[in-house]
Amino acid sequence: MTDELKMGLRSLIYRRKQYSSLFCACLFGVAVSLFCLYSVNGMLSALEDKARIYYGGDLQFLGGWGMNQSVENTQNIAPYFPPDSIIAERFDFDADYAAFYFEGTGVRQRVIKGVNFEKEKKLFASFNYIEGSAEGLYGTNGVLLSEPIAQMLEVHVGDEITFMLRNGAWQINTVPLIVKGIFRDSSLFGMYTSYMDRELLCSAYGYPSYLCNRICITLPDGRPSQKDLEAFQASLSQSFPMYNLVEDKQVYYDNCLYTDNPPYALIKLSANLQEIQIIIDAMKAIVAFVIIMLLIIIVTGVSSTFRVIAMKRINEIGIYKAIGMKRMRIYGMLLTETLLLLIAGCLAGYLLSCILTWVIGLINFSFIPAFDIFLINGKMKGIISFVYFILIFIVILVTTSLAVMFAVKKSVSVTPCQALAVTE
């Protein structure tokens, strides 16, 4: 094996001009493949983090009379989840007829989320605040606004704004609020969404404070597996009438929203994202297509080039066979050249992908409409994973080695006399 390694290394150095194009193809193919994977994973991770804040964690427990349930259910369901889980009640208020006003300027809202800031302290600490924070918001008339809304109102932390809404009796009600925090989020989940104390929002709307319209569960280990979900579902079914686990929350709403005594449902985070699932699937499909095409280019380029090189080296192969070198040793020498080339090209591609991921993370993409949902603080933060590099390297190594063996089979199979008789 040592001899094959030495011969393969010498051959690469001697024929470096012939192999340079293959090295570049491998380098850029691996670099672009990994860069796409790292970027898309970072974008989807940012999307999931925003969704986790918006929906209140990893799971939602919905149901009850008219989709309203007792706040006491936060304690009733606690034994069915890991001890360190955060289980908090929320009141999501559809803000079709609500707006914030400050010195004559008004801005409509899409959703006002009434939350328990004491229970969800850890979740709100992860917000990207440009002013203030959620500290001390529990039980007060404080409010968290997105940066675009704060800019429209021209307010800062400490300013008093007026919250105007139509309550449950369809009467106009106004509530003074103090801006306690401004967070940076211009995405679908953040721009027209504000957060305030749940009991204050219930009081303003005339909604009983002992009720909530969803209970949010944040698990200590993050996203649960399908096995964990099924275990939670089975446990909850012992005490609650449970609807089947669904991949799309809308299925539960369509079948249970207007029924008498609708069952409860355990909704995973991804089931809330079906409206944008087509975008997620499209991103994954594009990345998969790009990677497959690049791998095909690498494998095809290396195998075809080795076929030409092997044909030009047929005299050399004839000499090896004439001095008694076995066919498998010749294969070993050529595969060693392939291995050295792939290792050098893939490692260089991995380093280039890390550089590209770092560079792209310095660019602010907030100017792209609706793209902020995939960004962190306006920037694309790719997630570098050495595991992806190993997987792509193994795929390239196996497929390319098989292709090279097939490509040089004819050249290696000739007899010494036939090989030495060929004129290059």
Engineer: Any sub-3.5 Å donor-acceptor pair from Q233's side-chain atoms to Y243's backbone N or O?
Structural biologist: yes
Engineer: Is it the case that the side chains of D228 and S225 hold a donor-acceptor pair, with the cut-off being a distance below 3.5 Å and no angle test?
Structural biologist: yes
Engineer: Which pairs, with at least one residue in residues 212-242 and sequence neighbours excluded, count as a ring-ring contact (aromatic ring centres under 6.0 Å, His included)?
Structural biologist: F61-F240, F81-F232, F240-Y264
Engineer: Please confirm whether Y195 and F117 have ring centers closer than 6.0 angstrom.
Structural biologist: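 Between F117 and Y195, which both carry aromatic rings, the centre distance is not below 6.0 Å.
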Engineer: State whether a side-chain donor-acceptor pair under 3.5 Å links N244 with Y252.
Structural biologist: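 There is no such pair (donor and acceptor under 3.5 Å, judged by atom type) between the side chains of N244 and Y252.
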Engineer: With a 4.5 Å heavy-atom cut-off, do L269 and R223 have their side chains touching?
Structural biologist: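 Sidechains of R223 and L269: no contact.
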Engineer: From L177 CG over to Y101 OH, what is the distance, rounded to the nearest 0.5 angstrom?
Structural biologist: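 Interatomic distance, L177 CG to Y101 OH, rounded to 0.5 Å: 13.5 Å.
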Engineer: Between D185 and K50, is there a salt bridge with N-O shorter than 4.0 Å?
Structural biologist: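 Result for this pair is yes, salt bridge flagged.
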Engineer: Indicate the atoms forming the closest heavy-atom contact of C202 with P208, along with that distance.
Structural biologist: SG-O, 4.2 Å
Engineer: Does atom OH (Y138) have a neighbourhood of more than 12 heavy atoms from anything else shown, all under 6.0 Å?
Structural biologist: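 Result for OH/Y138: open.
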Engineer: Does CZ belonging to R108 count more than 12 external heavy atoms closer than 6.0 Å?
Structural biologist: yes
Engineer: Between D58 and P224, is there a side-chain heavy-atom distance shorter than 4.5 Å?
Structural biologist: yes
Engineer: Would you give the length of the straight line joining atom OH of Y192 to atom CZ of R110, rounded to the nearest 0.5 angstrom?
Structural biologist: 10.5 Å
Engineer: Got I267 and K249 here, is their nearest side-chain heavy-atom distance under 4.5 Å?
Structural biologist: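 In contact.
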Engineer: Are there more than 12 heavy atoms of other residues, nucleotides or ligands under 6.0 Å from atom CD of Q151?
Structural biologist: yes
Engineer: My understanding is that only residues two or more places apart in sequence, or in another chain, count here; which of them pass salt bridge (Lys or Arg N to Asp or Glu O under 4.0 Å) with E118?
Structural biologist: K121
Engineer: Report yes if the side chains of L362 and K379 come closer than 4.5 Å at any heavy-atom pair, otherwise no.
Structural biologist: no
Engineer: Taking all heavy atoms of N167 and all of A204, pick out the closest pair and write down the distance.
Structural biologist: CB-O, 3.7 Å
Engineer: Residues two or more places apart in sequence or in another chain: which of them pass side-chain contact (heavy atoms from CB on, under 4.5 Å) with I363?
Structural biologist: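 Partners of I363 under the side-chain contact (heavy atoms from CB on, under 4.5 Å) test: I360, F365.
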Engineer: Is the shortest side-chain heavy-atom distance between F35 and S39 below 4.5 Å?
Structural biologist: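 Contact flag for F35/S39 side chains = yes.
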Engineer: From W170 CH2 over to Y97 OH, what is the distance, rounded to the nearest 0.5 angstrom?
Structural biologist: 4.5 Å
Engineer: Measure the shortest side-chain to side-chain distance between I343 and F393 over non-hydrogen atoms and say whether it is less than 4.5 angstrom.
Structural biologist: yes
Engineer: Please output the side-chain donor-acceptor pairs of residues 382-392 that fall under 3.5 Å, not counting sequence neighbours, one pair per line with the distance.
Structural biologist:
| unit_1 | atom_1 | unit_2 | atom_2 | d |
| --- | --- | --- | --- | --- |
| S385 | OG | V387 | N | 3.3 |
| Y388 | OH | N41 | ND2 | 3.0 |

Engineer: Under the side-chain contact (heavy atoms from CB on, under 4.5 Å) test, which residues partner S203, sequence neighbours left out?
Structural biologist: none
Engineer: Atom OG1 in T162, atom CD in E103: separation rounded to 0.5 Å?
Structural biologist: 10.5 Å
Engineer: Going from CG on L137 to OG1 on T140, what distance comes out if it is rounded to the nearest 0.5 angstrom?
Structural biologist: 4.5 Å
Engineer: Quick one: do the N68 and Y207 side chains pair a donor with an acceptor below 3.5 Å?
Structural biologist: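 Yes.
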Engineer: Measure the OG-CD1 distance between S45 and I376 for me, rounded to the nearest 0.5 Å.
Structural biologist: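 S45 atom OG to I376 atom CD1 measures 6.0 Å (nearest 0.5 Å).
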Engineer: So if I apply the salt bridge (Lys or Arg N to Asp or Glu O under 4.0 Å) rule between E89 and each of R214, K113, K119, which one comes out positive?
Structural biologist: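 Exactly one pass, corresponding to K119.
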Engineer: So, N116 versus E120: side-chain donor-acceptor pair below 3.5 Å or not?
Structural biologist: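 Short answer, no.
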Engineer: Side-chain contact test, heavy atoms from C-beta onward, threshold under 4.5 Å: evaluate it for D159 versus I178 and give yes or no.
Structural biologist: no
Engineer: Which atoms form the tightest heavy-atom contact between I396 and C346, and what is the distance?
Structural biologist: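 For I396 versus C346, the nearest heavy atoms are CD1-SG, 4.2 Å.
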Engineer: Are there more than 12 heavy atoms of other residues, nucleotides or ligands under 6.0 Å from atom CD of Q75?
Structural biologist: no
Engineer: If we check ring pair (Phe, Tyr, Trp, His ring centres under 6.0 Å) with Y54, which of these qualifies: F127, F183, F124, F189?
Structural biologist: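 Only one option passes, and that is F189.
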Engineer: With sequence neighbours excluded, what pairs up with D49 under the salt bridge (Lys or Arg N to Asp or Glu O under 4.0 Å) test?
Structural biologist: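 So D49 forms a salt bridge (Lys or Arg N to Asp or Glu O under 4.0 Å) with R52.
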Engineer: Are a donor atom and an acceptor atom from the side chains of Q109 and S194 found within less than 3.5 Å of each other?
Structural biologist: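 The criterion, which ignores hydrogens and geometry beyond distance, is satisfied for S194 and Q109.
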Engineer: Among Q60, Q69, R90, find the one that has a side-chain contact (heavy atoms from CB on, under 4.5 Å) with I215.
Structural biologist: Q69
Engineer: Do L201 and F163 touch side chain to side chain, with heavy atoms closer than 4.5 Å?
Structural biologist: yes
